[in-house]
Colleague: 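Quick one: this structure, given as structure tokens, is what I'll be asking you about.
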2 protein chains.
Amino acid sequence: MPASPADSRSTTERETIPKTGAVRRRAGRPAAAVLDQAGITAAALRLIGKNGYDGLTMAALARSLNVAPSALYNHVESKRDVLLLVEDHLTALVDVTAFAAEPWESAVRKWAWSYRDVFAEHTPLIPVIAVLPVTDAPQTLAMYETVSAGFGRAGFPEERIVSAIVALESFIFGSAYDVTAPADIFDSGNMAESTPSFTGAVRSLAAQGHEKPADVAFSLGLEALIAGFGALRV
Amino acid sequence: MPASPADSRSTTERETIPKTGAVRRRAGRPAAAVLDQAGITAAALRLIGKNGYDGLTMAALARSLNVAPSALYNHVESKRDVLLLVEDHLTALVDVTAFAAEPWESAVRKWAWSYRDVFAEHTPLIPVIAVLPVTDAPQTLAMYETVSAGFGRAGFPEERIVSAIVALESFIFGSAYDVTAPADIFDSGNMAESTPSFTGAVRSLAAQGHEKPADVAFSLGLEALIAGFGALRV
DNA sequence: TCTAATAAATGAATGGCATTCATTTAGTGG
DNA sequence: CCACTAAATGAATGCCATTCATTTATTAGA
């Protein structure tokens, strides 16, 4: 057991044994505050933009802010918290303006493309978003409000709005991954002979010469969802 | 520079300077081979089943096989390789049998539900699959072949088969995350008053009393995709 | 003006991780 | 029987997020 540094009781006991001698709290405000959540978010985005998500480490983040890594933990509980801040910032970039002015179909279309485009650049966030309670992400919640209101105005039965949004979102997240897939992802290699249908279908698509196959699939799926959900309106 | 252990040339040079003195290869086969990819895959699945993906470390995997961690690297290039093996094994569990016997609609429906159910338990694999060249995953390729053949037989134009499958897959992966989301994910908390449409929609869905909201959304989206894609058949 | 309280920042540790590599082990074809 | 080899070992390496006792700088209130 090497050098146990916490043998004796901590001298900074915050809330341990809170009953002892009333609640005393009369003090001043602290130092200049070099760090805050907005600054951390901005620095994280800068870092991600330059070196990708592999480059986003707490050490690198601290270094980019001229601060010790441990200092970050005064403003953020964990690295996951940093990712949450980034996620919420990005969600604010999703374009929901069409819900105010355009018909439901085109509003959904613009929103979905914008949503996919934003997170295609940030796929490592998707596992975080998918499980994230909206309470922790005000901008995300704001987006849901705008979209829900648009669905309601378009005549959607209220009890199906959330399910429809969830389905669209699921499709959007999955499609965001597609965008990042390598071009040769469907190259069946030496298995080509044993997979004639699939290999033929891949070749047939390639012969079309689309520059972005992911866009074709996204468009196909999105239009099917829009058509199918549009029929639910009353 | 502490203790540089690789100063002198390696004694095990495999392919360095391959021209030197012809190709000589006359030797015996090695020892008993405690380890192989099938065993590693099985052990990884056992570990994941017991402790989840956090429990899947190279050290834990080695320990479960009574072997040193470094021994794994004789059979696998990286941890990502292990995840690939697991992924391919799981894909083989996806039910594609309906494509042999049932009409296209119900075959797609069964396949999609099965696919989602398998990977809902293994969401950490989704980022791996989404970018995985099919060459590296024979079972995955086999699944694509069966599905492609089914689409072709159903009258799908060949050049749209891959896009349709990709769109369905995207929806399936995104929906797999949904399954794992906490029940209170849409609780707007103290922001409820400022998000009346969304909060109302959430309450309205909750009032329906579905035991699995993720299933409702998945069904809604899947039926829309099946209906939309079904119309493409000739 | 002094002092007590405080939030923020520091620096040194901790434990875990995947991966590398020189070396050893144990079978086998010639 | 021996040269060769694949597989296994164990000890590093470097990176990572996170913790914690301590120091610093600020300010409210007596």
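Heavy atoms only: backbone and side chains are in, while hydrogens, waters and symmetry mates are out. Throughout, a chain's letter reflects where its sequence line sits, starting with A, and its residues are numbered from 1.
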Colleague: Return the set of residues passing salt bridge (charged side-chain N to carboxylate O under 4.0 Å, His left out) with B:K110 (not counting sequence neighbours), or none when no residue passes.
Modeller: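 Salt bridge (charged side-chain N to carboxylate O under 4.0 Å, His left out) list for B:K110, sorted by chain: B:E102.
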Colleague: Kindly assign one of parallel, tilted or perpendicular to the pair A:F171 and A:F218, based on the angle between their ring planes and the thresholds 30° and 60°.
Modeller: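 The arrangement is parallel - the two ring planes meet at less than 30°.
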Colleague: Among all residues two or more places apart in sequence or in another chain, which pass the salt bridge (charged side-chain N to carboxylate O under 4.0 Å, His left out) test with A:D215?
Modeller: A:R116
Colleague: Roughly how many Å is it from CG in A:L72 to C1' in D:dA17, rounded to a whole number?
Modeller: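 After rounding, the gap between these two atoms is 11 Å.
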Colleague: Go through residues 58-70 of chain B and report each residue with a non-hydrogen atom lying under 4.0 Å from DNA chain D, sorted by number.
Modeller: B:V67, B:A68, B:S70
Colleague: Nearest whole angstrom, please: distance from the P of D:dA8 to the CG of B:D36.
Modeller: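 Atom CG in B:D36 sits about 9 Å away from atom P in D:dA8.
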Colleague: Kindly state each residue pair satisfying side chain to side chain donor-acceptor pair (under 3.5 Å) with at least one member in residues 188-199 of chain B, sequence neighbours excluded.
Modeller: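 Output for this query lists A:E145-B:S197, B:S188-B:T199, B:T195-B:T199.
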Colleague: Test: side chain to side chain donor-acceptor pair (under 3.5 Å). Region: residues 41-59 of chain B. Which pairs qualify, not counting sequence neighbours?
Modeller: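 For residues 41-59 of chain B: B:Y53-B:H122.
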Colleague: Rounding to an integer number of Å, can you tell me how far B:L35 CG sits from D:dA7 P?
Modeller: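 It works out to 9 Å between those atoms.
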Colleague: Is any side-chain nitrogen or oxygen of A:H75 closer than 4.0 Å to OP1 or OP2 of C:dA7?
Modeller: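 The answer is no; no side-chain N or O of A:H75 sits under 4.0 Å from OP1 or OP2.
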Colleague: For the pair made of OH in B:Y73 and C1' in D:dT9, what is the distance, rounded to whole Å?
Modeller: 15 Å
Colleague: Starting at atom CG of B:N51, determine the distance to atom P of C:dG16, rounded to an integer number of angstrom.
Modeller: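 In whole Å, C:dG16 P lies 15 Å from B:N51 CG.
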Colleague: What I want to check is whether an N or O donor and acceptor connect the side chain of B:N74 with the base of D:dA6 at under 3.5 Å.
Modeller: no
Colleague: Could you tell me which residues satisfy ring pair (Phe, Tyr, Trp, His ring centres under 6.0 Å) with B:Y115, sequence neighbours excluded, listed by chain and number?
Modeller: B:W111, B:F119, B:F173
Colleague: Could you check which of D:dT18, C:dC17, D:dC16 has an atom nearest any side-chain atom of B:T57?
Modeller: C:dC17
